[in-house]
Structures are given as C-alpha cells and as structure tokens.
Amino acid sequence: MKVIRLQHNDKYRIKKALKNDALAQKALYEKYSPKMLGVCRQYIKDVHFAEDVMVEGFVKVFKKLDGFRFQGSFEGWVRRIMVNECISYLRKKQFVVYDETVLERSPVQTLEADEPWEVDFIQQHIDALPEGYKMVFLLHAIEGYRHEEIAKMLKISEGTSKSQLFKARRQLQDSLGLKGIDASKRGRS
Amino acid sequence: MEKFDKLMREKLEERQIKPSNQAWERISEQLPSEKKQHRASKYILMLAACFIGLIVLTFAFWNSGDPNIEPINEVVDTPATQIDVKPELQEKIAKELPLDNEAILIESAPKVADKRETIEALPKEEIEDINTLAFVKENGELLEQPTLDAIELKAKEVLDAVEKLERSSDVAVTDAEIDELLRAAQREIFVEKNIISEEGVDAMALLNEVEQEIDGTFRDQIFDALKDGYLKLRTAVADRNN
C-alpha cells in the first residue's frame, strides 16, 4: 500500500522526472496540464495560442526542474512559470498597452449569457478588458501578486498598476452587473 | 481581500481545459531523453578511457629508456683485503689476474665473464681454490658458495671425461667420442629431471618439460653449456699441443 502511494506521490515523480524519466514527466504533465491551460487561457484569448504557451511553459518546467526546492507546492511553482510565459508571449506580440488615453477610449463590449456565473461567461468579460487592465487584474486578483511585484514584472510603475487594477475592477463589475459588490472598498487594494 | 476578487478567483481557479493530444508530443520532443543521456555518458566514458590509455602508453614509452645508452662505468675504491692463499697460488693469480688492489673497475656482466674465462684456463685444483677465493668477503668471512646447476655440472663431467680420455691415450679424441659423451650427459640430465625412468617415459614430466621448452630456456641452456665447454676444451687442447 505504502509503495503504491509513494509511486503516485508528486515528490517521487519529480525526482524521477529530474532523471529525465519520460513516464514520470508525462504523469506530472497529465496531472497539471488542464489547470495550466486554464491559467494560460485567462491571459490569452485564443485557446490554441494558449496551448502553445503552455507547451513552452512545460518544457521550461522540466528543463528547470532542478530549480524546484520542494519547499512550496509544485503546482504553485509551475503556475508561476506559466504566468511568466504568458506575460512574455503577450509582450512579444505587443498586445499589452499601458497608455491610459488608449485604454480609456477602448470600447466596452457587452456580453450576454444564460448563466451569469458560469466560468466561460466570466472569462468572456475578462477577455473583453484591455490587455493592460486584464494583466494587472489577473496578476493581482487571481494570482495574488502585490503591486510592487506586478510593477517589476510588467516594467511599469506601482501607480500605473494600482490605477489599472481600479479601472479593470470597475469595468468588470459594470459588465457583469455586480456594481454592489465591494463598491465601498474599490479605492483600496 | 475584496469579495469581488475572491469571487473571481474561485470561479477562475475551477477552470480546467484539456489540452490537445499533440501537446505532450510537442513537449517530449523538446526534452532530453534518458536513453540519449545514457548514450552521451557512454561516449564520454569511452573517450575518457581512450584518453587515459593514451596517457599511460605515452608515459610508458618515454620511461622505457633508450637501449642505445651505454652502461656507465663506475670506479669504486675498495680497501685491500687479507686472504689466506697458498704462496704458489698467489703467484699464479697475480699472473693470470693482473688486478689493481686499490681500484677495481666494476662492470657487472662483462667482468664476471672475463674472470671465468681466466679461471677456466687454470688447472682444475687451482680453479676450485679460486672459486673459493671469489666468495671470500672483505672481512675474511666465507660466503655461501652458490651451487652449480645440473647442466653446468654435467658439462664439467663431460669435459673431465674428455680430458681423461686424452690423457689415457695419446691419440686425439674424435668428434664421435665427444658426441657420445654429450648424448650420455643429456640422457643423465633427463633421468635426473625424472623425464626418463626405468619404466619408461614419464608423461607428466615430459609435459612439464615441453611447457618449459616453450620458454626456450632449458634446452638452450643444456646445449649452450655443453657447446661452450667443448669449444673451450678443444681450444685448450689445441693450444697445449702447439
């Protein structure tokens, strides 16, 4: 019983994957790839492009596996690599614009859905955000990065990060019809 | 933590999208496989082994020494030793071995050979005395005299027999007689070595003998010793007759 449990343990698989064991690598991929593709999809609208980024991310994960120190969760470590890959991809494709005037002028899309709290519906509203808003919102609200960290990652000022988060929240709440939620706390973050 | 952010996080974290079937293939193509790594490490090991072998061979080659280098003659001062020798023998030694007591030229192999030749030219009784002398230490103590091996003894016996024949009859000894003596000596050596017994030929002894012959030493020793002795004796007889 113990042996079976050990073999299905992430630590055991990671150690095997470190020795380039293809089966262990595939087992880790199969366990985490659906979640990671979900993460990549949050940042990249096209699921095919999101998969390309996820593939590159997993290649990095296995090549830099010796950098994982078994201190935090493996999922968290893989997730950070995926987020960084998404940021690099969007930056390369020059999708991200932090120009306030451009962002203010971008049209707000109106979306209709049968189930307002379906994940796909929320994702559609996030996709409708300007790239700059979306990046800051996802990094702060979903991934839990601080403004200081976001500023470093996106090479922007902390002030820009804060203002873009504020605007992203407002736009999302407006589009999702959730103006009542935390309206009083909007200014903080 | 704001409620809105928490709500968004909960919803989005649930999201899972199954990747396409080709995704893993694309990843595995870019990863180094275990087999490739093993092969690479094997090649590295083989290269390292070849390199070490090359170094060892080079080292052995340079340290093998140049065979053309001449032996270095060393002059050694040795104090003169007092040896009790018969007065008449001392005179003869002085004639035959004109060695300087103060400085002796040490030249390992050639020196021994010269001494033997000189000693063998002397009569038998004197040779025995000189043999004894040769193993006297500087402080006067006698060293253990090395025993001659069977082949050398046989050679001596043959020489003695030839000498007796010549003394007993004034006629010169023929080659056939000498050959007969040599064959008898060879047979005796074989009997001593247990190759030929009364019952016949000992198979094991013969096998051992054949194995030893592979080295090419035993037979060479027999014939070299007999041949040398015979040639020296014939020369000595010829000189005396002249």
Side-chain angles (χ1 to χ4, degrees), chain A residues 16-17 19-26 29-30 32-42 47-48 50-52 54-63 79 117-123 125-126 137-138 140-144 165 169 172-173 176 178-183 185-186 188-189, chain B residues 1-67 211 214-215:
Chain A
K16 294 278 275 180
K19 293 171 186 170
N20 294 318
D21 185 310
L23 285 174
Q25 286 172 340
K26 196 176 181 185
Y29 164 80
E30 281 174 350
Y32 294 109
S33 61
K35 267 190 184 179
M36 295 309 140
L37 186 54
V39 171
C40 293
R41 175 62 191 86
Q42 289 168 20
V47 75
H48 300 290
E51 191 180 279
D52 289 346
M54 182 207 70
V55 165
E56 290 306 312
F58 266 108
V59 171
K60 260 189 190 169
V61 164
F62 291 125
K63 282 186 176 174
R79 201 180 173 104
W117 290 108
E118 278 291 316
V119 181
D120 286 340
F121 178 71
I122 295 168
Q123 183 64 59
H125 282 271
I126 292 170
F137 176 75
L138 289 171
H140 184 84
I142 311 301
E143 303 300 331
L165 177 68
R169 266 194 201 131
L172 261 179
Q173 283 171 340
L176 287 167
L178 299 167
K179 277 191 176 177
I181 298 177
D182 286 325
K185 295 176 186 175
R186 270 181 198 168
R188 282 186 243 164
S189 63
Chain B
M1 189 186 292
E2 300 199 11
K3 279 184 184 175
F4 178 72
D5 289 358
K6 195 182 173 186
L7 188 70
M8 291 290 119
R9 188 180 298 169
E10 280 170 2
K11 289 288 168 187
L12 290 172
E13 274 187 348
E14 285 172 17
R15 198 175 195 202
Q16 293 196 3
I17 305 167
K18 202 188 170 193
S20 67
N21 294 329
Q22 292 80 35
W24 171 246
E25 286 168 20
R26 286 163 63 199
I27 293 167
S28 62
E29 277 170 12
Q30 296 180 61
L31 296 174
S33 70
E34 216 171 3
K35 281 180 185 173
K36 277 181 197 169
Q37 229 182 19
H38 273 298
R39 261 186 225 161
S41 59
K42 269 184 187 175
Y43 283 127
I44 289 166
L45 278 174
M46 278 170 71
L47 268 173
C50 288
F51 185 69
I52 290 165
L54 203 69
I55 287 171
V56 168
L57 280 175
T58 314
F59 188 74
F61 177 75
W62 287 112
N63 286 334
S64 61
D66 192 352
E211 280 175 358
I214 290 167
D215 298 333

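Proteins get letters first, then strands, A, B, ... in listed order; numbering begins at 1 in each. Computed from heavy atoms alone, side chains included, the values below leave out hydrogens, waters and symmetry copies.
Summarising the geometry, atom CG belonging to A/L138 is positioned 5.5 Å from atom CD belonging to A/Q42; distances are rounded to the nearest 0.5 Å. One finds the NZ atom of B/K6 at 13.5 Å from the CE atom of B/M8 (value rounded to the nearest 0.5 Å). Once rounded to the nearest 0.5 Å, the distance linking CD of A/Q173 with CG of B/L7 reads 10.0 Å. From A/I126, atom CD1 reaches atom CD1 of A/I142 across 5.5 Å, with rounding to the nearest 0.5 Å. The CG atom of B/D5 sits 9.5 Å away from atom CG of A/L172, with the distance rounded to the nearest 0.5 Å.
At a heavy-atom cut-off of under 4.5 Å, chain A is reached by no residue from residues 47-56 of chain B. Within residues 16-28 of chain B, the residues having any heavy atom closer than 4.5 Å to a heavy atom of chain A are B/Q16, B/I17, B/K18, B/P19, B/S20, B/A23, B/W24, B/R26, B/I27, listed by residue number.
Note on A/V39, A/V47, A/D52: by heavy-atom pairs under 4.5 Å with chain B, the leading option is A/D52. Between chain B and the options A/M36, A/K35, A/E51, heavy-atom pairs under 4.5 Å are most frequent for A/E51.
Among the candidates A/E56, A/M54, A/K60, the single residue satisfying the side-chain contact (heavy atoms from CB on, under 4.5 Å) test with A/F58 is A/M54.
Scanning for side chain to side chain donor-acceptor pair (under 3.5 Å) contacts around A/Q123 gives A/D127, B/R15, with sequence neighbours left out. Partners of A/E143 according to the side chain to side chain donor-acceptor pair (under 3.5 Å) rule, which considers only residues two or more places apart in sequence or in another chain, are A/R79.
Aromatic ring orientation, B/F4 versus A/F137: tilted (interplanar angle from 30° to 60°).
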